[in-house]
Amino acid sequence: MTSADARLEAKGLQIDAAQVAADIAGRIVGWLRRLRRRGAIVGLSGGIDSSVTAALCVRALGPDRVIGLLMPERESLPDSVVLGQLVAQSLGVRTYVEDVTPLLVASGCYARRDAAIRTLVPEYGDGWRCKVVVPSLTAEGRLPTSTLVVRPPAGEEQRVRLTADALLSIQAASSLKQRTRKMLEYYYADRFQFAVAGTPNRLEFEQGFFVKNGDGAADFKPIAHLYKAQVYQLAAHLGVPDEVRTRPPTTDTYSLEQSQEEFYFTLPLEQMDLCLLGFTAGDPPEAVAPAAGLTPAHVAQVYALIARRKLAASYLHEPPLTALSDGA
């Protein structure tokens with residue numbers, strides 16, 4: 001056992017990657033039989049979660065029954081397609097590339113977002129870049145609030161506190177990216193009678209880090225029960241390329257590069273793994289604090305944030321309501 005393995009085992013995050021991979025592969029076979037689909041569509045972003053999901057689908061179904069879909073747009077990171085293609089080549093799966101920029105322009109994604117930004121930064125326009133960030137939750141205190149970061153073509157970044165209306169408008173427009181990509185995933189699923197594989201890990205699934213009817217939509221979600229550290233263990237076992245395994249997790253949503261931590265999770269993902277693990281197990285903050293490298297009061301603050309997000313995520317998980325669901 002390596003020192004890294006020992007550390008994960010001590011913190012309750014170590015898995016038997018070979019056994020877990022075999023179990024998930026078996027489940028995928030059963031899910032597709034239940035769904036009466038012939039194969040799987042995976043949206044490849046060049047990130048660790050989609051890469052592991054694709055590798056698990058190949059383990060279950062073989063490369064001929066898995067399609068990798070790459071969907072860049074004009075604000076995507078340059079390496080997203082390159083890394084997505086690298087994963088597809090390593091797995092031997094066919095790919096399709098769909099530039100979603102024209103669809104996003106037609107839906108007003110960029111125009112709607114930029115109009116919302118101009119309510120706070122009137123000079124925002126062509127050549128500017130932006131992102132929405134949440135301050136790191138590394139000190140005890142109030143729960144974090146969102147900030148808009150903008151950068152002119154030739155100038156330094158500016159930070160502006162977001163109003164509730166501007167934040168909602170920016171998020172609603174940006175969510176068109178995830179919903180447009182999902183629309184294309186289901187086009188290919190219908191075209192080939194395949195099922196759409198969702199890629200959220202447990203942090204994302206339980207805390208609502210997804211868009212309803214966007215990246216939250218899928219026919220099956222094979223890694224939604226796994227913490228981020230466990231996804232990385234599977235990646236190593238499944239032979240995901242090093243370039244993907246060492247790439248920092250990003251949102252790839254805004255025109256300024258943005259980590260998942262600064263956009264949503266507020267803590268390094270390993271610490272958030274441990275806090276969610278402790279929260280789920282009902283462990284007191286005092287028990288989690290040493291492993292997470294936080295104070296008990298800080299862990300209690302993170303617990304409060306997790307509880308708030310889980311409550312908000314219940315709407316995202318809710319299926320459409322009908323009279324039948326009311327027992328009529």
Side-chain angles (χ1 to χ4, degrees), residues 37 39-57 66-88 91 93-114 130-132 170-201 204-205 208-224 231 244 247 249-260 263-264 313 316-317:
R37 301 282 96 179
I41 301 288
V42 184
L44 290 174
S45 66
I48 193 74
D49 295 319
S50 65
S51 300
V52 167
T53 299
L56 289 167
C57 289
V66 178
I67 291 175
L69 187 57
L70 297 95
M71 297 167 285
E73 45 99 7
R74 71 187 189 193
E75 295 180 340
S76 297
L77 293 173
D79 62 350
S80 294
V81 170
V82 174
L83 291 176
Q85 290 282 25
L86 178 64
V87 170
L91 295 173
V93 303
R94 56 182 156 158
T95 60
Y96 294 89
V97 180
E98 293 274 2
D99 186 339
V100 299
T101 302
L103 291 171
L104 295 175
V105 170
S107 68
C109 170
Y110 307 114
R112 297 172 198 268
R113 180 200 62 196
D114 294 354
C130 69
K131 63 181 175 181
V132 173
I170 291 168
Q171 289 177 332
S174 300
S175 293
L176 288 168
K177 295 185 178 186
Q178 284 77 20
R179 292 188 171 114
T180 298
R181 288 180 171 126
K182 192 58 62 173
M183 175 180 67
L184 285 169
E185 288 181 29
Y186 272 99
Y187 163 78
Y188 281 92
D190 291 346
R191 168 68 180 82
F192 294 102
Q193 290 189 310
F194 280 16
V196 171
T199 64
N201 59 63
E204 297 169 347
F205 183 77
F209 185 49
F210 58 86
V211 173
K212 190 166 188 175
N213 295 327
D215 52 340
D219 295 312
F220 64 97
K221 299 179 180 181
I223 61 171
V231 176
V244 174
R247 182 197 197 197
T250 68
T251 63
D252 208 11
T253 295
Y254 293 96
S255 50
L256 283 174
E257 188 168 352
Q258 176 188 57
S259 71
Q260 292 183 355
F263 175 66
Y264 195 79
L316 300 177
H317 291 293

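Worth knowing before you read on, the calculation uses all heavy atoms, side chains too, and leaves out hydrogens, waters and symmetry mates.
Within a 6.0 Å sphere centred on OH of Tyr96, heavy atoms belonging to other residues, nucleotides or ligands number more than 12.
Side chain of Lys221 to main chain of Pro200: no donor-acceptor pair is present (N/O by atom type, distance under 3.5 Å, no hydrogens or angles). Remark: the backbone N or O of Gly208 is not paired with any side-chain donor or acceptor of His317 at under 3.5 angstrom. Not one N or O on the side chain of Lys131 forms a donor-acceptor pair closer than 3.5 Å with the backbone of Gln258. Within the 3.5 Å criterion, the main-chain N or O of Met71 finds a donor-acceptor partner in the side chain of Arg181.
Residue Phe210 holds its CZ atom at 12.0 Å from CD of Gln178, rounded to the nearest 0.5 Å. Atom-to-atom distance recorded for Asn201:CG and Gln260:CD is 7.5 Å, nearest 0.5 angstrom. Taking CD of Glu98 as the start and OH of Tyr187 as the end, the distance is 7.5 Å to the nearest 0.5 Å.
For the pair Val87 and Ser51, the tightest heavy-atom approach, listed with the atom from each and the gap, is CG2-OG, 3.3 Å.
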Side-chain donor-acceptor contacts of residues 104-111 below 3.5 Å, not counting sequence neighbours, with atom names and distances?
{"residue": "Ser107", "atom": "OG", "partner": "Leu103", "partner atom": "O", "Å": "3.3"}
{"residue": "Ser107", "atom": "OG", "partner": "Leu104", "partner atom": "O", "Å": "3.0"}
{"residue": "Tyr110", "atom": "OH", "partner": "Glu73", "partner atom": "OE1", "Å": "2.7"}

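With respect to Arg113 and Glu75, a salt bridge is recorded, a charged nitrogen being found less than 4.0 Å from a carboxylate O.
Between Ser255 and Cys130 the shortest side-chain heavy-atom distance falls below 4.5 Å. Looking at Arg247 and Asp79, their side chains come closer than 4.5 Å, going by heavy atoms from C-beta outward.
Remark: Tyr186 pairs with no residue by the ring pair (Phe, Tyr, Trp, His ring centres under 6.0 Å) rule, at least two apart or across chains.
With hydrogens and angles left out, the side-chain atoms of Ser50 and Thr199 include no donor and acceptor closer than 3.5 Å. With 3.5 Å as the limit, one finds no donor-acceptor pair spanning the side chains of Thr250 and Asp252.
In this structure, Phe192 and Phe194 have tilted ring planes: the angle between them lies in the 30° to 60° band.
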